[in-house]
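Single-structure report; data block below.
Below, all heavy atoms of this structure are taken into account, side chains as well, without hydrogens, waters or symmetry copies.
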Amino acid sequence: MDFLKGLGAARLTAMIAVTAALIGFFGFVIMRVTAPQLTTLFTDLTMDDSSSIIKDLERQGIPFEIRNEGSVILVPKDKVTRLRMKLAEGGLPKGGGVGYEIFDKSDALGTTSFVQNINHLRALEGELARTIRAIDRVQAARVHLVLPERPLFSRETPEPSASIVVRVRGALEANQIRAIRHLVASAVNGLKPQRVSIVDEAGQLLADGTQTDIDQQVGDERRNSFEKRMRKQVEDIVSSVVGAGRARVQLSADFDFNRITQTSDRYDPEGRVLRSSQTREEQSATNENNGQVTVNNELPGNQQNQPPQQPRDQSKKTEETNNYEISRTTKTEVTEAGRVNRISVAVLVDGAYSKNEKGELVYKERSKDELDRIAALVRSAIGFDQKRGDQVEVVNLKFADAPAVPQINEPTGFLGMIHFTKDDVMYVIELAVMMLLGIVVVFMVVRPLVKKIISTEEVAAALSGGVPALTDETVQAAAHAQQTANMIDVAQVQGQVHAQSVHRVGELADRNPGEAAAIIRQWLAEPQQN
């Protein structure tokens with residue numbers, strides 16, 4: 001207590017404050033060093049999934065950290081794989097929607113058909129939403145299905161429809177929108193892609209569900225695919241001549257998306273075939289009896305006894321009818337949409353480079369003959385048709401110098417075998433900074449404080465070391481000790497000055513050995529004085 005009273009209130013308060021600060025600092029360093037390294041468990045979580053996962057982690061006693069308003073959860077790096085498998089076993093994350101697991105715990109015996117139909121619709125919508133979220137750039141999705149039932153005494157069934165709301169990162173491409181529509185249409189019985197509408201989170205209509213929209217998308221995809229394929233063919237054949245990266249190709253194709261159906265009949269007069277033939281013959285004869293009519297002539301037996309009479313008039317008629325089938329050719333031509341009306345190609349090639357006598361690269365333009373041969377290759381590659389109005393332009397210009405890209409030298413050997421991630425590097429840097437701060441605090445704060453406390457204790461022990469009063473001898477001994485200490489300090493200072501002088505003289509002798517030897521000879525030649 002006497003020692004604490006001797007320190008004073010200000011010094012004691014400073015010591016307590018410094019001690020508390022040191023304890024807090026080193027406690028923070030120890031906790032930070034010993035804390036496990038956290039990594040991402042799941043991202044883009046909904047509030048329902050985030051709350052369920054946090055509840056499960058708290059039940060298991062696993063430390064975690066929440067970021068981005070609960071959409072990202074961090075856990076210790078060595079437990080990520082096990083936690084993901086454990087949560088997947090429990091059906092987490094669910095993805096913010098109800099899927100077919102709605103039927104796992106339902107009581108089918110006491111459920112009406114209406115409730116079963118509603119549950120089936122909810123499950124189908126939830127499963128489709130989960131599938132759509134698996135597509136790149138889609139963060140969240142919600143699906144609404146309309147599956148009407150056929151009314152009683154009606155022959156026609158209303159067509160189903162669907163509406164989809166998506167939240168995306170950036171913008172969806174045309175082929176991705178078309179894929180989503182066909183995905184939903186294929187999963188629902190009787191649903192057509194034309195009946196699917198897609199809206200983004202900003203209220204922008206991505207697909208309105210009309211036939212014209214479908215045809216336009218198909219046409220654009222066919223044109224883009226054709227242009228991409230032809231451009232690649234031209235770039236490959238030109239790059240093989242001028243070198244890789246020294247050719248730029250732009251190709252534009254004009255398509256006709258009108259569908260034409262033509263039907264034509266052709267008759268061949270020379271190609272006839274007998275289908276049926278009919279022949280008819282008629283023959284008649286007339287006998288003369290002078291016009292007498294008697295009873296004897298009319299009797300049945302009398303006519304047999306009379307001699308035969310030669311006919312007076314005879315006639316014969318023959319008719320023949322032949323039916324021929326004339327050959328006919330019926331031709332129906334259907335010209336599908338997507339005919340190429342015209343192709344325009346622009347090819348830009350770089351010149352040739354050669355080294356001069358100084359080793360510098362010198363640009364040289366390509367000759368007209370070489371450009372003509374490149375143009376001929378391009379025409380052959382695209383199927384050039386002059387009647388169609390195709391155009392091919394090949395121009396030689398010097399390319400602009402690309403900005404220099406710094407080369408990254410990857411470590412080899414032992415360092416190449418060690419793969420550090422960004423988290424590992426940041427963790428090592430954090431440890432190094434904390435160790436450096438700890439060393440600075442020890443040498444700049446703790447060491448002077450300890451020296452000061454020790455010196456204070458010695459003085460206090462010397463002044464009040466339990467002796468009730470100081471004698472003259474004790475005072476003289478203390479004064480003599482203080483004088484001796486001062487003399488020692490002066491001797492140390494003089495010794496340091498002398499050592500510095502000797503060191504400086506040695507440096508001068510090393511720099512000028514001849515002059516140093518002459519000075520020493522002069523000193524030796526001088527007479528000694530008593």
Side-chain angles (χ1 to χ4, degrees), residues 173-179 182 210-271 327-354 361-402:
E173 298 180 358
N175 56 348
Q176 290 179 321
I177 296 174
R178 185 163 172 257
H182 282 271
T210 59
Q211 184 69 28
T212 305
D213 182 45
I214 294 291
D215 295 339
Q216 183 178 0
Q217 289 182 2
V218 173
D220 293 341
E221 289 182 3
R222 292 187 61 182
R223 182 175 63 253
N224 294 335
S225 177
F226 177 81
E227 291 178 352
K228 183 178 180 181
R229 178 171 55 85
M230 297 300 294
R231 187 185 303 112
K232 186 177 183 304
Q233 292 179 359
V234 174
E235 285 182 353
D236 291 342
I237 194 171
V238 175
S239 299
S240 62
V241 177
V242 300
R246 294 186 177 181
R248 300 291 184 271
V249 179
Q250 292 294 332
L251 187 144
S252 176
D254 183 14
F255 273 71
D256 184 9
F257 294 104
N258 296 325
R259 183 176 179 179
I260 301 174
T261 303
Q262 294 179 349
T263 303
S264 60
D265 293 337
R266 182 181 179 184
Y267 295 91
D268 186 8
E270 300 297 333
S327 61
R328 183 184 66 175
T329 303
T330 301
K331 184 178 181 181
T332 302
E333 295 181 352
V334 178
T335 305
E336 294 291 341
R339 297 185 306 277
V340 179
N341 291 336
R342 188 182 63 178
I343 300 177
S344 301
V345 184
V347 182
L348 177 64
V349 295
D350 196 6
Y353 293 87
S354 60
L361 291 178
V362 179
Y363 175 78
K364 181 180 178 182
E365 294 184 355
R366 299 186 183 274
S367 62
K368 187 177 183 301
D369 186 18
E370 187 176 1
L371 295 178
D372 292 340
R373 285 183 289 177
I374 293 175
L377 291 175
V378 174
R379 293 189 187 96
S380 300
I382 66 173
F384 182 83
D385 188 358
Q386 189 174 3
K387 297 180 181 179
R388 193 169 56 185
D390 296 345
Q391 293 181 356
V392 175
E393 292 291 338
V394 180
V395 181
N396 176 213
L397 291 175
K398 183 179 179 181
F399 284 9
D401 295 334

What distance separates [X] [atom1] from [Y] [atom2], expressed to the nearest 0.5 Å?
X: Glu370; Y: Ile374; atom1: CD; atom2: CD1; answer: 5.0 Å
X: Arg373; Y: Lys368; atom1: CZ; atom2: NZ; answer: 12.0 Å
X: Asn341; Y: Asp385; atom1: CG; atom2: CG; answer: 11.5 Å
X: Gln391; Y: Ser344; atom1: CD; atom2: OG; answer: 5.0 Å

(message) Are the side chains of Val378 and Val249 in contact, using a 4.5 Å heavy-atom criterion?
(response) no
(request) Check whether any side-chain heavy atom of Tyr353 lies under 4.5 Å from a side-chain heavy atom of Val362, and answer yes or no. (result) no
(message) For Arg388, I'd like to know if atom CZ has over 12 heavy atoms of other residues, nucleotides or ligands within 6.0 Å.
(response)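 Enclosed: over 12 neighbouring heavy atoms sit under 6.0 Å from CZ of Arg388.
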Minimum heavy-atom separation for [X] and [Y], please, with both atom names.
X: Arg246; Y: Arg248; answer: N-NH1, 4.3 Å
X: Ala247; Y: Val238; answer: CB-CG1, 3.6 Å
X: Tyr363; Y: Lys398; answer: OH-N, 3.5 Å
X: Ile343; Y: Ile382; answer: CD1-O, 4.0 Å
X: Phe255; Y: Arg223; answer: CD1-CG, 3.9 Å
X: Arg231; Y: Leu251; answer: NH2-O, 3.7 Å

(request) Using the test side-chain hydrogen bond (donor to acceptor under 3.5 Å, both in side chains), find all partners of Thr261 that sit at least two apart in sequence or belong to another chain. (result)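 Listed in chain order: nothing, the list is empty.
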(message) For the backbone of Arg222 and the side chain of Ser225, can you confirm whether one donor and one acceptor N or O come within less than 3.5 Å of each other?
(response)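 Not at all, since once roles are kept as given, no pair shorter than 3.5 Å links the two residues.
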(request) Check whether any side-chain N or O of Asp256 sits under 3.5 Å from a backbone N or O of Arg339 as a donor-acceptor pair, and report yes or no. (result)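 Such a contact is absent between Asp256 side chain and Arg339 backbone.
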(request) Going by the side chain to side chain contact (heavy atoms under 4.5 Å, CB included) test, name the single residue among Asn396, Val394, Val241 that passes it with Arg366. (result) Asn396
(message) Could you go through Thr330 and Thr263, starting from their C-alpha distance and side-chain angles, then the distance that decides it, and tell me whether this counts as side chain to side chain contact (heavy atoms under 4.5 Å, CB included)?
(response) CA-CA 7 Å; Thr330 301; Thr263 303; 4.3 Å; yes
(message) Assess the residue pair Val347 and Glu393 against the criterion (side chain to side chain contact (heavy atoms under 4.5 Å, CB included)); give the C-alpha distance rounded to whole Å, side-chain angles, the decisive distance to 0.1 Å, and a yes or no.
(response) CA-CA 6 Å; Val347 182; Glu393 292 291 338; over 6 Å; no
(request) Show your reasoning for whether side chain to side chain contact (heavy atoms under 4.5 Å, CB included) applies to Gln233 and Met230. (result) CA-CA 5 Å; Gln233 292 179 359; Met230 297 300 294; 3.8 Å; yes
